[in-house]
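Naming convention: chains lettered A, B, ... in sequence-line order (proteins, then strands); numbering from 1 in each chain.
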Amino acid sequence: MARQYWLLKADPEVFSFDDLLASPGRTTAWDGVRNYQARNYLRAMAPGDQAFFYHSNASPPGIVGLVEIARGAYPDPTQFERGHGHFDPRSKAEAPTWVMVDVRALEALPRTLALAELCGLEECSSLAVCQRGNRLSVSPVSGAQWRVIRACAKRKSPA
DNA sequence: GCCAACGTTGGC
DNA sequence: GCCAACGTTGGC
């Protein structure tokens, strides 16, 4: 199956791309997703898929790095941890509601590709992150979008 | 800090 | 099943 591409949102106050680079093996479990649409995208991920690492609530918000999926979806243990912020009392151990994947850092972009610039790129206005009011934390990126975005990010300054 | 948009909850 | 109220997200 062809490699798929994704965009992962993170609040850098909580977990930044630098935090990922500093993690053991530059890898972390992408836990805490509690939205069904995002969960379904996590389930569709396969090892070797690649993703943009996006900083929300930043100045400016935008893409800051590239990651790869190191392990496909498996149960998120925090859903069973009573008292944990991601605890879900309705999830059953024999049929976990929520999953996570492992994400490994590939490289930091030479600069932040800001949201405004991102959404102005050819074919990119349809990105979930460019839709008004969008809150989806995991979303798909097409191969064409991936290439356009990567090429833009490598240029030193906004086009 | 503001506030629009979203997803979820819960009364009916 | 409807929908108002609420809490959260996230750009500005």
Asker: To the nearest angstrom, how far is A:R34 atom CZ from C:dT8 atom C1'?
Answerer: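 Distance, rounded to whole Å: 15 Å.
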Asker: Starting at CG of A:L118 and ending at C1' of C:dG10, how long is that distance when rounded to a whole Å?
Answerer: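 It works out to 15 Å between those atoms.
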Asker: Any chance the SGs on A:C130 and A:C119 are under 2.5 Å from each other?
Answerer: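 Yes; the two sulfurs sit under 2.5 Å apart.
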Asker: N/O contacts under 3.5 Å, protein versus nucleotides 3-5 of chain C?
Answerer:
none

Asker: Whole angstroms only, please: what is the CG-P distance between A:L136 and B:dT8?
Answerer: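 It works out to 11 Å between those atoms.
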Asker: Of the candidate nucleotides C:dC12, C:dG10, B:dT8, which contains the atom at the shortest distance from the side chain of A:Y36?
Answerer: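 Selected nucleotide (nearest to the side chain): B:dT8.
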Asker: With a cut-off of 3.5 Å and sequence neighbours excluded, list every side-chain donor-acceptor pair involving residues 50-66 of chain A.
Answerer:
unit_1: A:H55; atom_1: NE2; unit_2: A:F17; atom_2: N; d: 3.1
unit_1: A:S56; atom_1: OG; unit_2: A:A10; atom_2: O; d: 3.4
unit_1: A:N57; atom_1: ND2; unit_2: A:D11; atom_2: OD2; d: 3.4

Asker: Can you check the A:K9 NZ to C:dG10 C1' distance for me, whole Å?
Answerer: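 Rounded to whole Å, this separation is 7 Å.
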Asker: In the single-linkage hydrophobic clustering (I, L, V, M, F, W, Y; side-chain heavy atoms under 4.5 Å), do A:I149 and A:L109 co-cluster?
Answerer: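 Yes, it is one cluster - the side chains of A:I149 and A:L109 are joined through contacts under 4.5 Å.
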Asker: Determine, for A:R150 against A:E107, whether the closest basic-nitrogen to carboxylate-oxygen distance falls under 4.0 angstrom.
Answerer: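 Salt bridge flag = yes for A:E107 with A:R150.
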Asker: Taking atom P of B:dG7 as reference, at what distance in whole Å does atom CH2 of A:W98 sit?
Answerer: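 It works out to 12 Å between those atoms.
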Asker: Taking CZ from A:R39 and C1' from B:dT8, how many angstroms apart are they, rounded to a whole number?
Answerer: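 Rounding to the nearest Å, CZ of A:R39 and C1' of B:dT8 are 15 Å apart.
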Asker: Could you tell me whether A:E117 and A:R155 have a side-chain N and a carboxylate O separated by less than 4.0 Å?
Answerer: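 Salt bridge: no.
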Asker: Checking A:S142 now: which residues fulfil side-chain contact (heavy atoms from CB on, under 4.5 Å) with it, not counting sequence neighbours?
Answerer: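 With sequence neighbours excluded, A:S142 shows a side-chain contact (heavy atoms from CB on, under 4.5 Å) to A:A144, A:Q145, given in chain and number order.
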Asker: Taking only N and O in the side chain of A:Y54, is any of them less than 4.0 Å away from OP1 or OP2 of C:dT9?
Answerer: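 False: A:Y54 side-chain N/O out of range (4.0 Å or more) of C:dT9 OP1/OP2.
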Asker: Which nucleotide wins on minimum distance to the side chain of A:S56, given the candidates B:dG7, C:dG10, C:dC12?
Answerer: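 Of all the options, the side chain of A:S56 is nearest to C:dG10.
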Asker: With a 4.0 Å cut-off on heavy atoms, is A:R90 in touch with a base, just the backbone sugar-phosphate, or nothing at all?
Answerer: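 Sugar-phosphate contact only.
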Asker: Send over the distance from A:N134 CG to C:dG10 C1', rounded to a whole Å.
Answerer: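 Taking CG of A:N134 and C1' of C:dG10, I get 10 Å after rounding.
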Asker: Using atom CD1 of A:I63 as one end and atom P of C:dG11 as the other, report the distance to the nearest whole Å.
Answerer: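 About 12 Å, once rounded to whole Å.
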Asker: I need the A:R34 CZ to A:T78 OG1 distance, nearest 0.5 Å.
Answerer: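 Output value for this atom pair is 4.0 Å.
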